[in-house]
Protein chains: 2
Amino acid sequence: MPNNQFRKSELYSFITGKASTAIARRLQKNFKQAGLDITIEQWSVLYHLWKEDGMSQQLLCDATFRDKPSITRLVDNLEKLKLVKRVASKDDRRINMIYLTPEAQELQEKSMEVANQTLNEALEGVTHGQVEIAKEVLQMVYENLK
Amino acid sequence: MPNNQFRKSELYSFITGKASTAIARRLQKNFKQAGLDITIEQWSVLYHLWKEDGMSQQLLCDATFRDKPSITRLVDNLEKLKLVKRVASKDDRRINMIYLTPEAQELQEKSMEVANQTLNEALEGVTHGQVEIAKEVLQMVYENLK
DNA sequence: TTTATGTAGTTGCATAAACAACTATATGCC
DNA sequence: GGCATATAGTTGTTTATGCAACTACATAAA
């Protein structure tokens with residue numbers, strides 16, 4: 001049995017995602033401390049729009065690993081915050097294209113800085129090689145389950 | 001700068017906990033398929049009670065990395081499901097001791113089996129050595145941020 | 001062209017998390 | 001004893017997730 005060593009005591013913390021929960025909490029806290037009034041979930045949507053503005057909600061679902069209702073509501077909230085706008089597609093009237101507002105564009109630099117800093121806090125004392133292997137494992141887990 | 005390699009493209013998926021989200025979803029799905037009608041969060045509370053029945057809510061907070069309101073409501077829901085009972089402590093009247101019901105005790109074996117199986121699905125193709133390093137990294141991340 | 005089927009997005013409902021404010025009880029110090 | 005402070009737990013509010021059911025539009029086949 002290959003991964004037997006995982007099946008007892010450490011099963012729990014791996015399953016519950018202790019580490020990623022801790023990262024999420026710290027990132028949220030760091031956003032707040034930096035005066036950034038967005039949730040990490042909202043940030044994760046903005047992150048993809050900064051890479052490519054004008055994505056459909058479905059593309060945002062794929063990019064952020066969320067289902068359609070989640071994206072509907074995240075976009076609702078981002079619209080209320082005036083950070084994005086829904087624009088009906090002319091080619092396909094089912095589609096909403098989501099565009100960043102100027103306010104959202106201003107958030108990019110600072111929030112990415114905070115995210116980078118958070119990751120540095122998280123990975124303090126971890127070597128490059130260890131990080132590479134951890135990335136591979138997490139990627140394989142994702143591929144196995146997606 | 002030590003962990004520079006993380007700071008660009010893969011920052012996102014590490015922060016968002018893609019892998020642990022995927023594990024959580026799969027575990028929930030596997031519970032459902034096995035006829036187990038509990039959430040993974042409820043399971044995480046039961047998990048600790050199976051190890052030691054009769055914990056206070058505060059101890060459950062510490063064990064599950066949740067805050068007090070979260071545990072209050074998880075215990076509320078577990079009580080509704082008749083899986084646990086609150087029993088006021090005689091020594092300290094502020095404290096609720098949480099005890100498993102017989103129904104909850106019956107869930108242990110099957111749910112642990114499902115959890116083990118889920119972890120095997122997640123780690124398919126990952127070597128023992130890789131898993132060990134990933135565990136170390138996740139543990140260090142947790143220690144850095146807790 | 002009509003019908004079936006698929007895709008994009010929304011809404012309703014239950015569960016959960018984070019944070020702040022609160023009540024009740026315990027403890028330690030004067 | 002009486003007061004300040006700490007601890008255990010609860011409640012309210014906002015945000016988010018997962019699932020199912022739904023509407024609207026698009027596409028492909030008959």
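Proteins come first, then strands; the chains are lettered A, B, ... in the order of their sequence lines, and each starts at number 1.
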D:dG9 OP1/OP2 closer than 4.0 Å to side-chain N/O of B:Gln57: no
Looking only at the side chains, is there a donor atom on one of A:Ser44 and A:Thr64 sitting less than 3.5 Å from an acceptor on the other? no
Cationic tip of A:Lys85 within the cone over A:Tyr99's six-membered ring, i.e. under 6.0 Å and within 45° of the normal? no
Contact class for B:Asp76 vs. all strands (heavy atom < 4.0 Å): base, sugar-phosphate, or nothing? nothing
Quick one: OG on A:Ser56 to CZ on A:Arg86, what's the gap to the nearest 0.5 Å? 12.0 Å
The reported gap from OG in A:Ser111 to CG in A:Leu27 (rounded to nearest 0.5 angstrom) is 9.0 Å
May I ask you to verify if any side-chain N or O of B:Arg73 is less than 4.0 angstrom from the OP1 or OP2 atom of C:dA17? no
Could you tell me how far apart B:Asp67 (CG) and D:dT13 (C1') are, to the nearest whole angstrom? 14 Å
Heavy atom of residues 27-39 of chain A under 4.0 Å from DNA chain D: which residues? A:Thr39
For A:Leu81 and D:dT14, give me the distance from atom CG to atom P, rounded to whole Å. 14 Å
Rounded to whole angstroms, how far apart are CD on A:Gln58 and P on D:dA26? 16 Å
Round to the nearest Å and state the distance from B:Asn77 atom CG to D:dT10 atom P. 12 Å
Students often get this wrong, so: under 4.0 angstrom with heavy atoms, is A:Ile71 touching a base, only sugar-phosphate, or nothing? nothing
Sidechain N-carboxylate O distance under 4.0 Å for A:Glu143, A:Lys146: yes
Do B:Ser89 and B:Arg94 have side-chain heavy atoms sitting under 4.5 Å apart? no
Distance check needed: D:dT17 C1' versus A:Ile40 CD1, whole Å only. 13 Å
Spacing between A:Arg26 atom CZ and C:dC19 atom P, to the nearest angstrom: 12 Å
Comparing B:Glu41 with A:Leu59, nearest DNA chain C nucleotide closer to 5' gives the residue A:Leu59
I'd like to know if A:Arg66 reaches the base of C:dG9 with its side chain such that a donor and an acceptor end up less than 3.5 angstrom apart. no
Is it the case that B:Glu124 and A:Asn144 place a side-chain donor and acceptor less than 3.5 Å from each other? no
Can you sort out which residues in residues 82-100 of chain B have a heavy atom within less than 4.0 Å of DNA chain D? Ascending by number, please. B:Arg86, B:Arg94, B:Ile95, B:Asn96
Rounded to the nearest 0.5 Å, what's the gap from CD on A:Gln28 to CD1 on A:Ile38? Could you check? 8.0 Å
Side-chain contact check for A:Thr21: nearest option of C:dA16, C:dT10, C:dA18 is C:dA18
Could you state the CZ-P distance from A:Phe65 to D:dA16, rounded to the nearest angstrom? 18 Å
Given atom CH2 of A:Trp43 and atom P of D:dA16, what is their separation to the nearest angstrom? 14 Å
Under 4.0 Å between a side-chain nitrogen and a carboxylate oxygen: does that hold for A:Lys110 and A:Glu113? no
In this structure, CD1 of B:Ile98 is separated from CD of B:Glu52 (nearest 0.5 Å) by 13.0 Å
Would one find a side-chain N or O of B:Ser70 under 4.0 angstrom from OP1 or OP2 of C:dA17? yes
